[in-house]
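Notes for the one structure printed next.
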Amino acid sequence: MRFDIATILPDAFTSYLNESIIKRAIDNKLIEVYIHDIRSFSENKHHKVDDIPFGGGAGMVMTPQPLYDCLTHIKTLNPGPVVYMTPQGRKFTQSKAEKLSLKSGLILLCGRYEGIDNRIRETLIDSELSIGDYVLTGGELAAMVILDSVARLIPNVLGKEESHLEDSFSKKLDRKKEYPHYTRPAEFKGKKVPEVLLSGNHKAIADWRKNHLK
Ligand code: SAM
């Protein structure tokens, strides 16, 4: 799956994309990730990407020209939907991540300032997603959240075991939250692991886990 991310802070992604599972997925060509600097598309001689809002008010608004040129360029490379990160969007959920993971591509647009000129929303954005009812300074963290949660659902990204099939909110767990986990030692600072998990009785363990979903 191909991810293209449009941002004015491309360096914000460097560290995360170079760590752990996401890095391995990129190295193993299970996903491709391209970061596009919206500022480099600006025709303004100072590469400005924001301006004052018509009608007045606090804050700046991302101007349409750099966004238009950046997104139309990306759309020639990636067939996937253009998704704008915004607290005003539909709430991002595990089932949404599952649906997105079936696509061949995804284009994520990160806003900054008060957000983007509404004409871009009307013309180039296919859907809008929020990662929660709070306001971030920009869409970069939201894009990373979506990239991470979608990428780990792509076959082989987590390894052959596909452990995500039994994660919280998965269909297999009836969209419930996962049961508690324990590992060695069997007793730690006086607290013991539930006896049934040491029993080797697979049916009893499965029942215990089912009864401990939240
Ligand atoms: N003025 C906007 C509002 O009140 O809805 C908030 C703008 S916010 C300061 C700047 C950018 O951060 C947004 O354009 C969006 O891209 C991103 N952002 C902030 N909160 C977000 C959230 N909960 N989910 C997704 N993106 C978010």
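Both ligands and their constituent atoms are indexed starting at 1 by order of listing. Just so it is clear, the model here is predicted, and its values are computed rather than measured.
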Using a 3.5 Å cut-off and no angle test, enumerate the donor-acceptor pairs between side-chain atoms of residues 24-31 and protein atoms at least two apart in sequence or in another chain.
| from | atom 1 | to | atom 2 | distance (Å) |
| --- | --- | --- | --- | --- |
| Arg24 | NH2 | Val157 | O | 3.4 |
| Asp27 | OD2 | Lys23 | NZ | 2.9 |
| Asn28 | ND2 | Arg24 | O | 3.4 |

* Structure fact -> Students should find that the hydrophobic cluster of Leu124, defined by side-chain heavy atoms under 4.5 Å apart, otherwise consists of Ile8, Leu9, Ile38, Val49, Ile52, Met60, Met62, Leu67, Tyr68, Leu71, Ile74, Val82, Tyr84, Ile107, Leu109, Tyr113, Ile116, Ile120, Ile125
* Structure fact -> The remaining residues in the hydrophobic cluster of Phe41, counting side-chain heavy-atom contacts under 4.5 Å among Ile, Leu, Val, Met, Phe, Trp and Tyr, are none
* **Joint hydrophobic cluster, Phe3 plus Ile21, side-chain heavy atoms closer than 4.5 Å** =>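 Yes, it is one cluster - the side chains of Phe3 and Ile21 are joined through contacts under 4.5 Å.
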* Kindly tell me which protein residues have any non-hydrogen atom under 4.0 angstrom away from an atom of ligand 1, grouped by chain and ordered by number? =>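 Lining ligand 1: Tyr84, Met85, Thr86, Pro87, Gln88, Gly111, Arg112, Tyr113, Glu114, Gly115, Leu129, Ser130, Ile131, Gly132, Tyr134, Val135, Leu136, Thr137, Gly138, Gly139, Ala142.
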* Any side-chain donor-acceptor pair under 3.5 Å between Thr86 and Glu128? -> no
* Does a side-chain N-to-carboxylate-O contact under 4.0 Å join Lys75 and Asp4? -> no
